[in-house]
Amino acid sequence: MEPLKSQESPMDTRYDQKKEDTIYAEWENSGYANPDVCIKKKVTKTAAKPFSIVLPPPNVTGVLHVGHAAMIATEDIMVRFERMRGKKTVWIPGTDHAAIATQSKVEGIIYKKEGKTRYDIGRDELIRRIEEFAKESHDIIISQIKKMGASIDWSREAYTLDEKRSLGVRTAFKRMFDDGLIYRGARMVNWDPKMQTTVSDDEIEWIDEKSPLYYLKYGPFTIATARPETKFGDKYVVMHPSDKRYKEYKHGDKIKLEWINGPVTATVIKDKAIDMSFGTGVMTITPWHDATDMEIAERHSLDKEQIIDYSGKLMGLAGEFSGIHIKKARPLIVEKMKEKGLLDHIEDDYSHRVATNMRGGGIIEPQVKEQWFVAVNKEFKMGPSKIKGIKTGQKVTLKQLMRHVITSGEINIVPKRFEKTYFQWIDNLRDWCISRQIWYGHRVPVWYKKGEVNCGTDAPKGAGWEQDPDTLDTWFSSGLWTFSTLGWPKKSSDFETFHPTSVLETGYDILFFWVARMILMSTYLVGEVPFKNVYLHGLVRDAQGRKMSKSLGNTIDPLGLIDTYGADAVRLALVIGAAPGNDIKMSEDRVRGYRNFSTKVWNASRFVLMNYFPSKVKPKFTKDDLKNIKEFEKIKKTVTAELERFDMNKAGDVLYHYFWHTFADKVIESTKQRLKDNPNEADRMAAQTVLMDISIGSLKLLHPFMPFVTESVWKNMPDEVKKRDLLMVEPW
RNA sequence: GGGUGCUUAGCUCAGUUGGUUAGAGCGUCUCGUUUACACCGAGAAGGCCAGGGGUUCGAAUCCCUUAGCACCCACCA
């Protein structure tokens with residue numbers, strides 16, 4: 001056998017990142033991300049076990065950030081690993097219409113460019129514009145997901161607002177409506193006067209604020225308030241029943257006193273909700289605009305009056321101040337009180353928290369309003385159930401279902417500590433307000449006609465029906481994601497094969513928003529858990545450890561890093577050293593380090609190839625050869641075991657060190673002598689065989705972590721070691 | 001007010017069920033042009049694993065406690 005001359009080496013000393021797009025195209029064209037193709041091409045057995053995972057759909061509000069990149073890297077590792085192991089593997093992509101966030105964004109753009117509001121351009125036109133924006137955003141996101149190397153099944157792509165998913169939403173709504181779990185009621189809601197919509201409890205962000213605390217003279221009492229502009233209608237004065245300072249006042253006493261706009265009659269109310277140590281221990285209440293006040297008012301059947309309208313302006317009750325926005329009204333009112341001698345004193349530097357709409361909206365004003373709710377504490381008869389410990393026909397509440405599947409262990413949360421967080425949230429959960437007064441999203445499938453109400457998946461027959469103008473909370477549709485993407489409510493083999501999904505991988509920040517809602521929807525609607533495992537990754541933070549967010553503008557562009565260091569390096573930097581549930585601080589140094597590792601993998605393989613000369617001579621292995629092979633086998637076992645328990649971090653770390661500091665530094669070095677001018681052909685063959693075998697094995701193990709370099713190296717490997725055309729589907 | 005996490009080498013962080021001299025990347029220092037790789041190799045310095053107490057033959061790891069930081073939840077006017 002004529003040895004190759006080393007200068008004819010087929011490979012450069014550097015792996016060429018520019019070829020990543022070409023490699024991705026090969027994967028895509030192969031169709032191997034689609035389990036049906038894998039079966040057809042006999043890469044996967046028909047009877048193979050399924051492995052399924054849904055991609056948490058990115059919002060179509062912009063571009064991918066590093067957090068998405070971490071998520072894609074982690075999931076792709078799981079998916080590639082399971083596919084290579086021969087499982088019937090599917091990873092389902094999609095995007096989320098993110099109703100309020102997207103509309104808010106587009107409204108902002110329109111207002112900036114044209115100075116027009118949504119009311120100026122109208123419902124249909126606004127939706128058209130949003131769809132246009134969403135489409136662009138979608139295309140960018142998809143191309144970014146591909147850049148990361150995601151071996152995702154594009155043939156199954158879904159959108160939370162597409163036709164199939166919309167049917168799912170209407171079906172879900174109707175089922176819940178018919179079961180009495182969805183109801184319409186006037187309740188206290190979080191109203192955003194800026195976006196003109198309600199917001200769920202979970203979408204509120206509390207911001208610390210310092211503001212003056214005003215002490216006002218209310219007849220014989222002094223009351224403290226941070227919001228004097230809400231006090232016009234106050235006609236109840238509340239104190240703790242066992243507060244000795246006010247024992248002379250009895251519950252129900254009427255007191256005539258002079259107030260902002262003239263004399264009023266105040267009624268004394270005794271209620272234990274009062275904190276005696278706060279201020280003077282006395283307060284007046286504004287039930288319409290405060291949840292605590294509302295509860296007190298409900299307990300004693302007190303009057304409730306609206307003082308602030310939905311755009312944030314004072315109403316008739318405010319007398320001379322009516323029509324003025326609360327922000328402008330405050331100083332005027334304080335001034336008037338001062339003149340009337342109603343202002344006792346002002347305490348500066350009082351810190352409290354203000355509720356804001358985290359989706360780019362304004363300051364929340366609690367309001368009482370008719371809305372649609374999901375009743376989480378109402379009993380219903382469970383439909384066909386495959387959930388362990390829940391029987392078909394059993395009486396349960398949604399809250400009980402959500403709790404049960406975690407306590408029973410049917411869903412396993414990694415890391416475990418988040419179970420506690422989850423339970424805490426469930427225990428505090430109130431009925432879920434699902435209606436929004438924005439226009440982009442799933443319209444509430446309820447129609448009205450002269451007092452008649454009809455809920456259905458389609459508009460009722462006959463003329464004169466008018467559909468409810470409200471749209472649904474975006475999480476209502478994403479809650480269906482694990483099964484709506486598999487074809488539900490229609491029967492489908494995808495659903496039969498892949499539900500419940502194997503694992504849900506997402507950031508811990510949307511445990512409540514999304515994970516909990518999927519559990520609610522899936523257990524109720526399909527009688528199954530949505531997934532068997534929940535793997536929560538940490539948040540990728542900036543240099544100061546702050547959460548990266550579009551609104552803060554501190555996002556790192558993962559594409560920039562991919563351009564300079566390659567996708568594999570970025571993937572490794574985001575996965576290795578990141579323990580589940582712990583935050584990841586992104587630094588370019590780390591990426592550079594892993595880029596060097598990519599080069600190492602490239603060059604070590606190159607060396608092995610340069611010394612690979614097939615021959616008929618039987619290799620004669622030395623003791624060290626056998627030891628080296630044995631050591632690799634051990635690494636293989638460890639990596640497999642770690643990946644099985646979703647410890648990508650550990651598996652990656654082990655591989656990294658093995659490949660670099662054992663295989664490259666020790667094994668390769670120790671064979672150099674034997675490969676060069678060795679008269680003992682059997683010994684040389686042994687050396688080259690050991691190197692080739694370990695290389696092949698290592699490339700397979702490394703592939704889920706760094707698919708581009710490994711696939712690229714694989715192309716140069718001799719055909720006789722390959723079982724398939726792409727490393728992507730080589731047997732593990 | 002409840003809850004969770006973090007505090008380990010100069011910097012950024014790993015260390016799953018407690019087990020021999022505590023690890024990585026980057027940085028620092030010394031040496032090195034050898035059949036791949038300088039995006040490299042060989043080696044070195046650098047740590048009372050936040051403080052205190054306890055359990056144990058043995059603790060970075062388990063328990064208690066103190067402090068600082070971060071985050072989550074909650075109706076304090």
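Here is the naming used below: chain letters follow the sequence lines, and residue numbers restart at 1 for every chain.
- Contact detail for Ile406(A) and Phe423(A): the closest heavy-atom pair is CG2-CZ, 3.6 Å.
- Distance noted for atom P between A24(B) and G41(B): 14 Å (whole Å).
- Side-chain to base pairing of Glu669(A) with A36(B): one donor and one acceptor N or O lie within less than 3.5 Å of each other.
- Between Trp259(A) and Tyr218(A), the ring center distance clears the sub-6.0 Å criterion.
- Among the atoms of the strands shown, only primed sugar atoms or phosphate atoms (P, OP1, OP2) are found under 4.0 Å from some heavy atom of Tyr656(A).
- The pair Arg403(A)-Asp427(A) counts as a salt bridge, with a side-chain nitrogen and a carboxylate oxygen less than 4.0 angstrom apart.
- Considering only residues two or more places apart in sequence or on other chains, Tyr246(A) meets the ring-ring contact (aromatic ring centres under 6.0 Å, His included) condition with Phe221(A).
- Nearest to the side chain of Thr599(A), among A42(B), A36(B), C39(B), sits C39(B).
- Separation of the P atoms belonging to G23(B) and G5(B) is 27 Å when rounded to the nearest angstrom.
- Across all strands shown, Arg592(A) has no heavy atoms under 4.0 Å from either base or sugar-phosphate atoms.
- No close placement of the Phe705(A) and Tyr656(A) rings is indicated, their centers lying 6.0 Å or farther apart.
- Rounded to an integer number of Å, the gap from CZ of Arg606(A) to C1' of A38(B) is 13 Å.
- Atom CG in Asn603(A) sits about 5 Å away from atom C1' in A36(B), given to the nearest Å.
- Of the candidate nucleotides A36(B), C76(B), G41(B), A36(B) has the atom lying nearest to any side-chain atom of Met610(A).
- If you check every strand for non-hydrogen atoms under 4.0 Å, Ile274(A) touches a base.
- The C1' atoms of A67(B) and A77(B) are separated by 33 Å, rounded to the nearest whole Å.
- Heavy-atom contacts from other residues, nucleotides or ligands closer than 6.0 Å to NZ of Lys304(A) number more than 12.
- Rounded to an integer number of Å, the gap from CG of Asp427(A) to C1' of C72(B) is 15 Å.
- In this model, the phosphate group of G3(B) is not approached by any side-chain N or O of Lys420(A) to a distance below 4.0 Å at OP1 or OP2.
- Atom CG in Leu539(A) sits roughly 14 Å away from atom P in C13(B) (whole-Å rounding).
- Using a 4.0 Å heavy-atom cutoff across all strands shown, Glu642(A) reaches no nucleic acid atom at all.
- Counting to the nearest Å, the C1' atom of C72(B) and the CZ atom of Phe423(A) are 16 Å from each other.
- Residue contacts for Ala664(A): at a heavy-atom cut-off of 4.0 Å it reaches a base atom on one of the strands shown.
- Distances shown here put a side-chain N or O of Tyr350(A) below 4.0 Å from the OP1 or OP2 atom of A77(B).
- For the pair Arg187(A) and Phe373(A), the cation-pi criterion (under 6.0 Å, within 45° of the ring axis) is fulfilled.
- Within the 4.0 angstrom heavy-atom criterion, no nucleotide atom of any strand lies near Asp293(A).
- In terms of position on RNA chain B, the residue among Phe418(A) and Asn611(A) whose nearest nucleotide sits closer to the 5' end is Phe418(A).
- Taking atom P on both G1(B) and A60(B), the two are 34 Å apart, rounded to the nearest angstrom.
- With rounding to whole Å, Arg590(A) atom CZ is found 11 Å from C26(B) atom P.
- On the P atoms, U12(B) is 29 Å away from C64(B), given to the nearest whole Å.
- Which of G41(B), G3(B), A36(B) sits closest to the side chain of Gln424(A) comes down to G3(B).
- A salt bridge between Asp625(A) and Arg674(A) is present, with a side-chain N of the basic residue lying under 4.0 Å from a carboxylate O of the acidic one.
- If you check C75(B), C76(B), A36(B) against the side chain of Ala604(A), the one that comes closest is A36(B).
- Within the structure, every side-chain polar atom (N or O) of Arg417(A) is placed at least 4.0 Å from both OP1 and OP2 of C72(B).
- For His661(A), a side-chain nitrogen or oxygen approaches OP1 or OP2 of G25(B) to under 4.0 Å.
- The interatomic distance linking Arg595(A) (CZ) with C37(B) (P) rounds to 16 Å, in whole Å.
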Legend entry - Bracket notation of RNA chain B in which parentheses pair within the strand, [ ] cross earlier pairs, and | pairs with another strand (Watson-Crick or G-U, under 3.5 Å): (((((((..((((.....[...)))).(((((.......))))).....(((((..]....))))))))))))....
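- Positionally, the nearest nucleotide of RNA chain B for Asn596(A) lies more toward the 5' end than for the other of Thr421(A) and Asn596(A).
- For Asn428(A), counting side-chain heavy atoms from C-beta on, the closest listed nucleotide (C39(B), A74(B), A36(B)) is A74(B).
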Legend entry - ring-ring contact (aromatic ring centres under 6.0 Å, His included) between His657(A) and Phe659(A), intermediate numbers included: CA-CA 6 Å; His657(A) 289 104; Phe659(A) 192 88; over 10 Å; no
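- Using a 4.0 Å heavy-atom distance criterion, Asp653(A) is classed as making no nucleic acid contact.
- Note on Arg645(A): every side-chain N or O is 4.0 Å or more away from OP1 and OP2 of U17(B).
- Candidate nucleotides C76(B), A36(B), G15(B) were compared by shortest atom distance to the side chain of Asn649(A), and G15(B) ranks first.
- Between Arg227(A) and A77(B) there is no side-chain N or O to OP1 or OP2 distance below 4.0 Å.
- Going from the C1' atom of C11(B) to that of G52(B) covers 28 Å, rounded to whole Å.
- Nearest to the side chain of Arg353(A), among G41(B), A77(B), C76(B), sits C76(B).
- Applying the side-chain contact (heavy atoms from CB on, under 4.5 Å) test between Leu701(A) and each of Phe632(A), Tyr658(A), Phe81(A) identifies Phe632(A) as the sole match.
- Between Leu429(A) atom CG and C75(B) atom P there is a gap of 12 Å when expressed in whole angstrom units.
- An OP1 or OP2 oxygen of G41(B) is reached within less than 4.0 angstrom by a side-chain nitrogen or oxygen of Lys600(A).
- When only modelled atom types and interatomic distance are considered, Thr292(A) and Glu295(A) share no side-chain donor-acceptor pair under 3.5 Å.
- To the nearest whole angstrom, the two P atoms, one in U65(B) and one in U61(B), are 16 Å apart.
- Between the P atoms of G3(B) and G47(B), the separation comes to 38 Å (whole Å).
- Among C75(B), A42(B), A36(B), the nucleotide with an atom closest to any side-chain atom of Lys672(A) is A36(B).
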